[in-house]
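Numbers restart at 1 for each chain; the letters A, B, ... are given by sequence-line order, proteins then strands. If you're wondering where the values come from, they're calculated on a predicted model, not measured in any experiment.
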Protein chains: 2
Amino acid sequence: MKEQWVYLFDEVDDAEQRMDGDWDKVRALLGGKGANLGEMTRLGVPVPPGFTITTRGCMTYLNNDNQLPDGLWDEVLTKLAAIEQKQGKRFGDPANPLLVSSRSGAKFSMPGMMDTVLNIGLNDLSVEALAALTQDPRFAYDLYRRLIQMFGNVVLGVSDATFEKVISAARKAADVQFDSELSAEQWQAVIADFKQIVQDETGKPFPQEPLEQLRLAIEAVFGSWNGKRAVDYRNAAGIDHDLGTAVNIQTMVFGNMGEGSGTGVLFSRNPATGDNLLYGDYLFNAQGEDVVAGIRQVQPIATLNDEMPDAYEALQATAKRLETHFANVQDIEFTIERGTLYILQTRDGKRTAKAAVKFAVDMANEGLISREEAVRRVTPAQVDIFLHPRLDPEAKKRAAKEGRLLATGVNASPGAAVGIAAFDADIAEQWGKDEGKAVIMVRPETKPDDVHGMLAAKGILTSHGGNSSHAAIVARQFGVPAVVGCSAVEVDLSARALTVGSETVREGEWLSLDGTTGEVFAGKISTVPATFDDPDLATLLGWADEFRRLGVRANADYPEDAARARDFGAEGIGLCRTEHMFFQEERLPIVQKMILANDETERQAALDKLLPYQREDFEGLFKAMEGQPIIIRLIDPPLHEFLPNYEALLKDVERLHTQQEYGELSDEERRRMEEEEGLLVAEERMREANPMLGLRGVRLGIETPGVMAMQVRAIFEAACAVKRDGTDVQLEVMIPLVGHLNELRIEQSELERVAKEVMDEQGIEVPYMFGTMIELPRACVTAHRIATVAEFFSFGTNDLTQTTFGISRDDAEGKFLVDYVQRGILPFNPFQTIDRNGVGELMRIAVERGRSIRPDIELGICGEHGGDPASIEFCHQLGLDYVSCSPFRVPVARLAAAQAALADNG
Amino acid sequence: MKEQWVYLFDEVDDAEQRMDGDWDKVRALLGGKGANLGEMTRLGVPVPPGFTITTRGCMTYLNNDNQLPDGLWDEVLTKLAAIEQKQGKRFGDPANPLLVSSRSGAKFSMPGMMDTVLNIGLNDLSVEALAALTQDPRFAYDLYRRLIQMFGNVVLGVSDATFEKVISAARKAADVQFDSELSAEQWQAVIADFKQIVQDETGKPFPQEPLEQLRLAIEAVFGSWNGKRAVDYRNAAGIDHDLGTAVNIQTMVFGNMGEGSGTGVLFSRNPATGDNLLYGDYLFNAQGEDVVAGIRQVQPIATLNDEMPDAYEALQATAKRLETHFANVQDIEFTIERGTLYILQTRDGKRTAKAAVKFAVDMANEGLISREEAVRRVTPAQVDIFLHPRLDPEAKKRAAKEGRLLATGVNASPGAAVGIAAFDADIAEQWGKDEGKAVIMVRPETKPDDVHGMLAAKGILTSHGGNSSHAAIVARQFGVPAVVGCSAVEVDLSARALTVGSETVREGEWLSLDGTTGEVFAGKISTVPATFDDPDLATLLGWADEFRRLGVRANADYPEDAARARDFGAEGIGLCRTEHMFFQEERLPIVQKMILANDETERQAALDKLLPYQREDFEGLFKAMEGQPIIIRLIDPPLHEFLPNYEALLKDVERLHTQQEYGELSDEERRRMEEEEGLLVAEERMREANPMLGLRGVRLGIETPGVMAMQVRAIFEAACAVKRDGTDVQLEVMIPLVGHLNELRIEQSELERVAKEVMDEQGIEVPYMFGTMIELPRACVTAHRIATVAEFFSFGTNDLTQTTFGISRDDAEGKFLVDYVQRGILPFNPFQTIDRNGVGELMRIAVERGRSIRPDIELGICGEHGGDPASIEFCHQLGLDYVSCSPFRVPVARLAAAQAALADNG
């Protein structure tokens, strides 16, 4: 079949047929804007007629040395003729010209693409005819000057400021405030100047031939696909460079035809709050770009009801109809020409997290979408926003009105950040870390040397780079809000200031970032706290809970963590790290005594002192999680982690020795020296070349059995105590870092011995499960052996990732790992998202082998990946029983788990 | 079928039938000694008649509260009657008694089991009859006193020294030197004293009833299976405790019947040199134990030919016949009673490594065994002995004659060690490390705290523990010769001396150990160097080369290593670690300059200086290995390994700072302080928490591309240079520590670029293969991806074991890993022998996946496991193409590879 390059809006059926009825392919062919214009035309919505030149036309043009493909221009002319016939006007008719607009429209909306050109088809001759015909010369000349200005800027590359200077001179000369106050004659003078500017800047006159205008406009849109900003954006956002953009040519309608005319944009529901009310702005007697330009004060859409009730009613009905048809909240551009409503564009509306949730819940309740679809509509990142403070939306709006919205960049790392600008890492660190100030670190881009400053900052702003730049990766890694690739911002390091147009922010002045939206504001913007009590979110997550097959537990070490996790919807504790309890102030000295004990008696005395603390912790935990499963993991880290820093000791002892040589040691210093010398000897014995792979986890349990026995005793004494009080305890005891079945066997028999001893003493039976972390490759491949003893597996994907890759997270993150991700050597940081091909493959092997021997084995994950949506999807696919994550990630995990299940069904 | 507890020697057919014709089961049932006595009887070899009580009888007895199983005793009586009939004498006949011996005989020979009791059946009455019958009262009383002495010691537990004291008093009273000089009357007096001793020590008289003697002897053998020494030995040697021992009851023949009588032991070939000549000792007119007791001077077996040519001829014929029948060199006990030859026992002879090789080669050449069997007969450990110095066998023999062979323990770690005794680790370290003395560390047993001393010692001797004791494991781990579990040695730590019987060796006195045989000598024994030029070994390894399917390469970093490896039979270099070249004295400062360079220019300048050194190394390597493949691995370790020790710097800078506070810094010190401060800053930036998992291997290549480019340039410049001279270069370039395909892709394109550049410059084409280490679990599970780029895999099983287990070798060996192996948590040290279930499983996955995408991919191993026989067997089973090991292990690997192939065929 011959390639069709151009589709009339009412030929969308043909396009759909050619694309085998696949609407996604139609969108790829016609772009989002073109496809929706076609769809609206098919629905009978009043759309000014027009046509779309396909994205394939664009790519053929670009791949063919910027030559329009054969037949494309002929098709444009044919379709133009069809419009002319429909409208009863001819394009280029000097007496009564048909005017058109030209707009780009790719599959995904993206900044950096060609802007709109309006009023194509006007020239020196027809503008006069239009003036006569409309009896409104001011209107006609205004249209013409807009054409020259937009065409000159967008198609011919003349800077807009050059044109604006002329207008502002004209306003000054006329002593008026607004453009709309300029007279026809004054616009005529402006037009003359504009034409001269075009002649001067391009060496050619402004093209008078309407078809030449049209052709140049089309080619300019095509060419803008390869413009630097567009290419950068696609690189940053990971959009395919081969998609191309469509061009939409649409008959002009005029909101600036005086009485009964106007133009506006609206959302079918409120995109900030989610309320089911039309929301938008309207400008009486104006053409499209006036609304966004902010030159005149726009009016809320509701006022249209007062002024033009019929038009408002039609608008309301159309908005509702489009929303129902697309089953999503619509962002609509419209124009009213002398009382007649035209829809110029519709698309799914962007929304805040809060609105996204309310939309989804409301629309499901209205029957517009299913509950499954509602759950699909909200992203895990949107749920996450509910759990963190963010910039106050009202304050943002006010700031925008005050002109303090400087720019919008790539939203690389979510969250709000308010602080003073610091233009290098050292200053950022000094102010942020040493002086405790809130700092926003601003750089053209960041490098590994900057990491210390980035970690000390509340937020990061860069003018270059995208979602996978060093700044973006480090920021996400450490949860620092960041806006990157904000190309409107110029960072002048020597001046220690950033500028956006005429705005300047100097070092030490306040900036506010919204890492969730990419917005950058001058000055301080107030923040609002997390709003997890949102009833719509509760409803949505309740639905998610119905769909998901994965359980969601939390990693919690203290009773208060556990209570919060339960509030957030956790169904149990997937990981309680018992050693965290050791670090508390009153306990650490006892732990150190235990470690440094000279003999078993001393060691046991210290352990006996620790026991009541641990028991108390466990009692609180059991009470908080009554009736829900709790996995308690026995001690994991190497014991030397509990001792004072080795190098500090080394230095101090050396200092004291040297001082002693000079005979100047005080009694206190002598005492300290002796104590530290003793510590040094002990630590030298315990130091390890690679502590990650040293005496920790189960190895510690085996080599220093007293600690394990104390912990088991504390667990069971606590369980017996709360059970005596009627609390239902669902206990699971977990052994970390098991590599060999025999390790687990030894721990099992020791645990059974102590547990039985305690239960016999207390006269209470506490049922429990015995299981293991799976966090070593050897555990994965021998899972069928380990499962003969373990009743449950919990994947420790942090350590599993470290050992599978042979990468120490401490050493790699912020160092070569960033470079790896940036250069695409690794597609993402495997410590954030499970590496399915490697780590995931070992997990798959472990699941398969574990189940082969114990089909009902309980399987979960407790690494940080348990809170990462992509990893949760993988866990669902693996058929795990639950994921466990930090309490603050629990709501995210509930949604992600549901989405994984729904994706599975589809 | 009813259990048969007792088999006459001529009933071996029945036993074989019951065991389904499986000779191994016959040996298990009758013990090695019993089975061979049966086999000899079946062959018609003159064996004094007798019977064997089965090992099942023993286990039933032990498992039934030391009650003989029903029917066993009746069977003994029946079989005894059969012998009586054959011999025409009755057991217990006071007039002409049949006498028997009793000996234990388990499936595997083991120390600690019940010794022999001779002359059972004599008593106060029959000894008189025997004296009259033989007309040799001295002979009769000597037999009787021997019975009481052996029975008293072995069955009744009276110390032999008590009896010997009586004899030595008798000798003194008679003023004679040897027992044989005592008269009949003097022996009668000794007998009276012996009987009194038995009465005094056991509270009962010596049993006069012959059947009671027999029964007690049998039960004593059974009981000795559970004796402490036997149990300890089995634990140490890994022998099953459920095997049990058989008891052999055999008619006595008498080598002490005067003229034409004698007894001896012989080997069918020389067990020290391997020469095909009878070898052994003979004692005229003596009973068995006199030969080993060393009381009288034995005569070499050849002298028998002069004295009794007929008996000698019969003995020679029988020895050859047995050797041919068992197709192995035999260790034979014989007695000649008045001119008639009797064979009392035969078994495969123990042999030195040299003899083992010669036996195997000669017997294959004689057609006695196949070449395959010859290759199977020699153990890899025996081949290993050829490659290390050992105690001079002649010197050992002399020392033994001088009574300096103190004891024989478990041969835990092979090799010779000569040094002064040190009784604790601190002394061992001080003398061995600080004072450079050769030290043998002697302890009852060792603990983790002793490791520093063990490492400073030339050899280790313990009186307790077996093959899996701490001492044994650490010794093998670090290649320190060791004899452990030498229970004859008493270690007195407070006296700082060891004693064996009356011999004492004090701290600081010389000891010599043979870790290969377990022998411990007082004083210094000279050593002999390695003898790899043994022609029989060359023949044997030549045969091995025909059978093996695995190639054998060597790990060699320098030309001289490579040459040695080639001499030892290596077929290529499997691993050249280029960074080792960096550590040489003149190069290290340049390497440090490169690492600490302030900019690219400085760095490149240092690299340019390193280039000629590396090129020279590679040229030498290529020449040494002409025509054979060479795998060169690019730099692997983290760069900070090349810098001065961080803690030493930290201390020194702190010292200098402190000194400065007192205003006392010399110019030199000030200069040093500044330099060290700079180094500290650099090292702080580079330090890693877990360097094993840090910036090393391919990561280093990617992050500091200059080093890689320099190495590649050096390799190809060298290859071009030697190729120009006509040398055939088989080059393979290897990238270490690859975890992700993309890492390899980057290195491949960089390597191709530099290689092409050099080859273009030189105008020479050097074909090469590009491949990778497989040493991370991720590389194993994504091997099908990595194989799209890699043309060969080389398993780096050291790192793969570390990451699979999550165990740092540096931190674990000598620490918890020893405990793990000792307690059986791990069956062996996985850094010595491949862990098949874990590491091996990942290797299997990698092989399978790698081959799936590239069927002809070259697969090898270059970890230390490449020289370990058990691991080599596994590599063969995996179907690898070659193993690579240290040059000194190459001969061992050749043999082990052949044995693996032969096992595969069988």
Checklist line | Contact origin within Phe805(B) toward chain A - heavy atom pairs under 4.5 Å | finding: both
Check: Looking only at heavy atoms, what is the nearest atom pair of His740(B) and Pro827(A), with distance?
Finding: NE2-CD, 4.1 Å
Checklist line | CZ on Arg699(A) to CZ on Phe816(B), rounded to 0.5 Å | finding: 4.5 Å
Item checked: Reported CD-to-CD distance for the pair Glu647(B) and Glu684(A), which is rounded to 0.5 angstrom -> 8.5 Å
Notebook entry, point to check: Does anything in residues 633-643 of chain B get under 4.5 Å of chain A by heavy atoms, and if so which residues?
Noted result: none
Margin query: Which atoms of Glu743(B) are under 4.5 Å from chain A, going by heavy atoms: the side chain, the backbone, both sets, or neither?
Written below: both
Notebook entry, point to check: Has the side chain of Asn837(B) got a donor or acceptor atom that lies under 3.5 Å from a matching backbone atom of Thr782(A)?
Noted result: no
Checklist line | pair Asn690(A)-Asp811(B): side-chain heavy atoms closer than 4.5 Å | finding: yes
Next item on the list: With a 4.5 Å cut-off on heavy-atom pairs, point out which of Gly739(A), Cys780(A), Gly806(A) contacts chain B the most.
Entry: Gly806(A)
Next item on the list: Let me know if Glu688(B) has heavy atoms under 4.5 Å from chain A in its side chain, its backbone, both or neither.
Entry: both
Margin query: If we define contacts as heavy-atom pairs under 4.5 Å, which of Ile825(A), Leu650(A), Val781(A) has the most with chain B?
Written below: Ile825(A)
Notebook entry, point to check: Heavy-atom distance under 4.5 Å to chain A: side chain of Glu775(B), backbone, both or neither?
Noted result: neither
Checklist line | Atom group of Asp835(B) that falls short of 4.5 Å from chain A, counting heavy atoms | finding: side chain
Check: Just how far is it from atom OG1 of Thr804(B) to atom CG of Leu842(A), taken to the nearest 0.5 Å?
Finding: 9.0 Å
Check: Is there any residue in residues 691-698 of chain B with a non-hydrogen atom under 4.5 Å from a non-hydrogen atom of chain A, and which ones are they?
Finding: Pro691(B), Met692(B), Leu693(B), Gly694(B), Leu695(B), Val698(B)
Next item on the list: Flag the pair Ile702(B) / Tyr820(A) as yes when at least one side-chain heavy-atom distance between them is below 4.5 Å, and no otherwise.
Entry: yes
Margin query: With chain B as the partner, which of His657(A), Glu841(A), Lys651(A) has the greatest number of non-hydrogen pairs under 4.5 Å?
Written below: Lys651(A)
Note to self: What's the separation between atom CD in Glu654(B) and atom OG1 in Thr658(A), rounded to the nearest 0.5 Å?
What the structure shows: 7.5 Å
